There are 2 protein chains.
Amino acid sequence: MEEFKLFEAEYKFMEIIWELEPINSTELTKVCFEKLGWKKSTTYTMIRKLAGRGILKNENATVVALIKREEVQKHDSEVLLKRTFNNSLPIFLAAFLQDKKLSRQEAEEIKKMIEEATK
Amino acid sequence: MEEFKLFEAEYKFMEIIWELEPINSTELTKVCFEKLGWKKSTTYTMIRKLAGRGILKNENATVVALIKREEVQKHDSEVLLKRTFNNSLPIFLAAFLQDKKLSRQEAEEIKKMIEEATK
DNA sequence: AAGCTAAGTTTATTGCGATAAACCTTTTTT
DNA sequence: AAAAAAGGTTTATCGCAATAAACTTAGCTT
């Protein structure tokens, strides 16, 4: 559970990795400098911390993610729903949709997903 | 926009206020001590900070919220959707519903809401 | 009038996420 | 063989949210 919690900087970093993995660690320091403005040591610090938590691994200078983006997304959704909406999808939607309009296509897509998730 | 962003401690604090408002400030220090373990000065510090940001007001020792819980809920939802799901409700639902089952009643409720939010 | 309580403010301290300087070792290039 | 680049680690620093100690002032109570 808790293993999927990422702080802001960690999340931005992982987004880069999910996009580019597998990626050489030196190459990664360059990308992080360009996209995040990080110094080399900052990137390596991040690699080490996330490796220690099983979020990614760095072997032979090659960095790969050990958890999927979808797992983190799911975790984040659940945290928000639990913390803020008493774990209720209808309550969430009421808040989120307030004053928003969906296209016909989005609506159909969503209804289909709801239908599929119904026992 | 940014005015609705609450940090964790602030959020827990506001939950108490939304539940009990209007509430006398001394009474509030007692509740915060019981529920959050905060000392009196911590509660007053929090009151002052949030008052400065227009989140609540404290007049004649009576504290009331100036923003509604629903506004914060909406803000938090939008932040998550933007940050994590490319602002797409279907993508969010795909992640959240994965391996979850909805009751028939929930499903109907949700579909109705979707329908109402469709242009 | 002396003490107590309510209702705060001023000013620190703490904890931790974010960031990086400085240093080290090994491999590659010239 | 000297220099440079790759691939790191050790150890700090910084910023800021979280928390609170200590002090103040005014009203109420005995």
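Chain naming here is simple, since letters A, B, ... match the order of the sequence lines and numbering starts at 1 in each. Note that the structure is predicted; figures quoted are calculated from it, not measured.
In this structure, the nucleotide among C:dA7, C:dA20, D:dA20 sitting nearest to the side chain of B:Ser25 is C:dA7. With C:dT9, D:dT9, C:dG8 as the choices, the nucleotide that has an atom nearest any side-chain atom of A:Arg48 turns out to be D:dT9. Taking only side-chain atoms of A:Tyr44, from C-beta outward, the nucleotide of C:dA7, D:dA6, D:dG7 with the closest atom is D:dG7. Closest to the B:Trp38 side chain, of the nucleotides C:dG8, D:dT19, C:dT19, is D:dT19. Among the nucleotides D:dA20, C:dA20, C:dA18, the one closest to any side-chain atom of A:Thr42 is C:dA20. When each of D:dA18, C:dT10, C:dA7 is scored by its nearest atom to the side-chain atoms of B:Glu10, the top-ranked nucleotide is D:dA18. Comparing atom distances between the A:Lys39 side chain and each of D:dA18, C:dA21, D:dG7 picks out C:dA21 as nearest.
Rounded to whole Å, the distance from CE on B:Met46 to P on D:dT19 is 6 Å. Rounded to a whole Å, the CG atom of A:Asn58 is 12 Å from the C1' atom of D:dT9. Per the geometry, NZ belonging to B:Lys35 stands 20 Å off C1' belonging to D:dT19, to the nearest Å. Residue A:Ile23 contributes atom CD1, which lies 14 Å from atom C1' of D:dG7 at whole-angstrom precision. Put simply, CD1 on A:Ile47 is 15 Å from P on C:dT19, counting in whole angstrom units. Atom CZ of A:Phe7 and atom P of C:dA18 are 6 Å apart (whole Å). Taking atom CZ on A:Phe33 and atom P on D:dG7, their separation rounds to 18 Å, with Å as the unit. Rounded to whole Å, atom P of D:dC16 lies 15 Å from atom CD of A:Glu8.
A cation-pi contact, defined as under 6.0 Å to the ring centre and within 45° of the axis, is absent between B:Lys40 and B:Tyr44.
A:Lys82 approaches A:Asn87 most closely through the heavy-atom pair CG-OD1, 3.6 Å.
For the pair B:Lys40 and B:Lys49, nearest-nucleotide mapping onto DNA chain D gives the more 5' position to B:Lys49.
The base of D:dA21 sits within donor-acceptor range of the side chain of B:Ser41, with an N or O pair under 3.5 Å. A:Thr26 contributes no side-chain N or O that forms a donor-acceptor pair with the base of D:dA5 under 3.5 Å.
Between the side chain of A:Lys30 and the backbone N or O of A:Thr26 there is no donor-acceptor pair closer than 3.5 Å. Proximity of a side-chain donor or acceptor of B:Thr62 to a complementary backbone N or O of B:Asn58 within less than 3.5 Å is not detected. The main-chain N or O of A:Met46 is never found under 3.5 Å from a side-chain atom of A:Trp38 such that the two would form a donor-acceptor pair.
Checking the phosphate oxygens (OP1, OP2) of C:dA7, no side-chain nitrogen or oxygen of B:Asn60 falls inside 4.0 Å.
Across all strands, A:Thr45 comes closer than 4.0 Å to base atoms (heavy-atom distances).
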